[in-house]
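The next block holds one structure in the form of structure tokens; read it before the comments.
Side chains are part of it too, since the values below use all heavy atoms of this structure and drop only hydrogens, waters and symmetry mates.
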Number of protein chains: 2
Amino acid sequence: MKSYGQYCGLARAAELVGERWSLVILRDLLVGPKRFNELRQGIPGIPSNLLTSRLRDFEDASVVERVLDGRNVVYRLSEYGQGLEPIVVGLGRWGARQMDVPRENEVPTDNSLAAALLTARTDEKVQAFSVEVTAGPATAHADVSATAVSVATGPFPDADLRLGGSSLRRLLADGDIDAAISSGAVTAKGPATLLKEFTRAFSTPLDEVAHNLP
Amino acid sequence: MKSYGQYCGLARAAELVGERWSLVILRDLLVGPKRFNELRQGIPGIPSNLLTSRLRDFEDASVVERVLDGRNVVYRLSEYGQGLEPIVVGLGRWGARQMDVPRENEVPTDNSLAAALLTARTDEKVQAFSVEVTAGPATAHADVSATAVSVATGPFPDADLRLGGSSLRRLLADGDIDAAISSGAVTAKGPATLLKEFTRAFSTPLDEVAHNLP
DNA sequence: CCGGATCCCATCCGATACTG
DNA sequence: CAGTATCGGATGGGATCCGG
């Protein structure tokens, strides 16, 4: 990890989060503690030596803690690391403005889908429900209660609502469920009332960031 | 600029801001539009070819605009790029938690000092005043009015208040002016009432981020 | 299997020199 | 002033290997 030679908060932060894979690893840890191989498999393309190296840098900076969970090693954000949540979420929203169309070979992952749910959370009060979301090969779910929202990767067989489709992002952006479903871009299984609750609880209005993209 | 292969807002953002020097360049542009050599001189150590390359990537992503100012080229954030402000400011605050002591060969720059003022802005209503701040080789200033705060690099001869010293960061963190001045860590020239206004207008309470650092 | 370490090649970065 | 060109060294990518 090389210094920028400036006595500056942003420069210090950039030394940590401004290296390749750093932000993606932090995104995944934001969803919850993960084992080494969970991280590795959840981040296609990351070389294991770089994952090792980044985790060590995070440990040295007290951003991540390496703890034993039973006989397994898990990595989890420290309290200090949790302070990155609004930043990573904000960056995710900002970057979503550029996601107009998937690029060649670009896929969603379980963790990126879970992170998208975290990012889209509105903090509006809604009726409690659970939802499972699928996008291509990726699955994640959320459990919304009156007081909190918990998000995790993978399927959730007992979910009240089940959403799928290639254009979930557009659904989160527009909030126009009927249009999304009738155009076939999104499929939904569950009570119509919960669909409405979903778009109230999760939404990423893109004009919240700026407008002058290519 | 290499893709992370994930259809994910954060991954897209990370491709832009997660490369070396990117965040530091954006920090400086956040203070105001800059010419190529202003950026270069304001960022000690950046190779000119990398500055060129980053600016081009930003242009391609519509984050930065290359415009003519008279006969000069200036780079300025687009409206979309301005959307990064809360993120860069947040990162600066988060990283400030690690700035306990300057490292070997680590200096403040005019731009990092100006950015620190931006970062420390509290939005509290205060009496109007202007302040010039000096830390080692770096100088910046701010003009605080009832409705807005403008920050820029360099000296401001007519400033109502003049602050200097090696531990300005501690002043911003603690807000304890009297202690800072009587210990000699900070020197101040100007009315005592403005000193009070300064610490109300600018402050970076570090326990706003987390507590468990080394 | 899990949690890495090692090796080798490609790419990127850093420093300096040079140019319209 | 605003960048290109170049080249050695550092870092990343991908595969393989290893100890528990």
- Neighbour count above 12 (heavy atom, 6.0 Å) for A/Arg162 CZ: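 Atom CZ in A/Arg162 is crowded, with more than 12 foreign heavy atoms closer than 6.0 Å.
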
Inter-residue atom distance [X].[atom1] - [Y].[atom2], 0.5 Å rounding:
| X | Y | atom1 | atom2 | value |
| --- | --- | --- | --- | --- |
| A/Leu195 | A/Phe129 | CG | CZ | 9.0 Å |
| B/Trp21 | B/Arg54 | CH2 | CZ | 10.0 Å |
| B/Leu10 | A/Trp94 | CG | CH2 | 11.0 Å |
| B/Leu30 | B/Arg76 | CG | CZ | 14.5 Å |
| A/Leu84 | A/Leu77 | CG | CG | 7.5 Å |
| B/Thr153 | B/Asp110 | OG1 | CG | 5.5 Å |

- Item | Along DNA chain D, first and last positions that approach a heavy atom of chain A under 4.0 Å |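 Nucleotide range with atoms under 4.0 Å of chain A: D/dG12 to D/dG14.
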
- Item | Integer-rounded Å distance: C/dA17 P and B/Arg40 CZ |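 Distance, rounded to whole Å: 13 Å.
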
- Task: Quick one: which residue pairs count as a salt bridge (Lys or Arg N to Asp or Glu O under 4.0 Å) with a foot in residues 143-161 of chain B, not counting sequence neighbours?
- Result: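 For residues 143-161 of chain B: none.
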
- Query: What pairs of residues pass the salt bridge (Lys or Arg N to Asp or Glu O under 4.0 Å) test when at least one of them lies in residues 8-19 of chain A, not counting sequence neighbours?
  - Reply: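 Residue pairs passing salt bridge (Lys or Arg N to Asp or Glu O under 4.0 Å), neighbours aside: A/Arg12-B/Glu106, A/Glu15-B/Arg103.
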
- Item | Shortest non-hydrogen contact from A/Gly154 toward A/His141 |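 Residues A/Gly154 and A/His141, closest heavy atoms: O-ND1, 2.9 Å.
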
- If every non-hydrogen atom of B/Ser62 is compared with every non-hydrogen atom of B/Ser78, which pair is closest and at what distance?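 For B/Ser62 versus B/Ser78, the nearest heavy atoms are O-OG, 2.7 Å.
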
- Query: Does B/Arg20 count as lying over the ring of A/Tyr4, i.e. NZ or CZ under 6.0 Å from the six-ring centre, within 45 degrees of the axis?
  - Reply: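 Cation-pi check for B/Arg20 and A/Tyr4: passes.
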
- Task: Would you please test A/Arg170 and A/Asp100 for salt bridge (Lys or Arg N to Asp or Glu O under 4.0 Å) and show each step?
- Result: CA-CA 9 Å; A/Arg170 187 138 301 164; A/Asp100 218 24; 3.7 Å; yes

Tabulate protein N/O versus nucleotide N/O from nucleotides 12-15 of chain C, keeping only pairs under 3.5 Å, one per line.
{"from": "C/dC13", "atom 1": "OP1", "to": "B/Arg54", "atom 2": "NH2", "distance (Å)": "2.7"}
{"from": "C/dC13", "atom 1": "OP2", "to": "B/Arg54", "atom 2": "NH2", "distance (Å)": "3.4"}
{"from": "C/dG14", "atom 1": "OP1", "to": "B/Arg20", "atom 2": "NE", "distance (Å)": "2.7"}
{"from": "C/dG14", "atom 1": "OP2", "to": "B/Trp21", "atom 2": "NE1", "distance (Å)": "3.0"}
{"from": "C/dA15", "atom 1": "N6", "to": "B/Asn49", "atom 2": "ND2", "distance (Å)": "3.0"}

- Roughly how bent is the helix from C/dC1-D/dG20 to C/dG20-D/dC1 end to end, in steps of 10 degrees, with each end axis from five pairs?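 End axes: 30° apart.
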
- Task: Classify the nucleic acid contact of B/Thr52 as base, sugar-phosphate or nothing, counting any heavy atom under 4.0 Å across all strands shown.
- Result: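 Base: the residue B/Thr52, judged by heavy atoms under 4.0 Å, touches a nucleobase.
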
- Does A/Tyr75 have a side-chain nitrogen or oxygen under 4.0 Å from the phosphate oxygens OP1 or OP2 of C/dC2?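 Answer is no, no contact under 4.0 Å.
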
- Item | Positions of residues 66-74 of chain A (non-hydrogen atom under 4.0 Å from DNA chain C), listed by number |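 Here the set is A/Arg66, A/Val73.
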
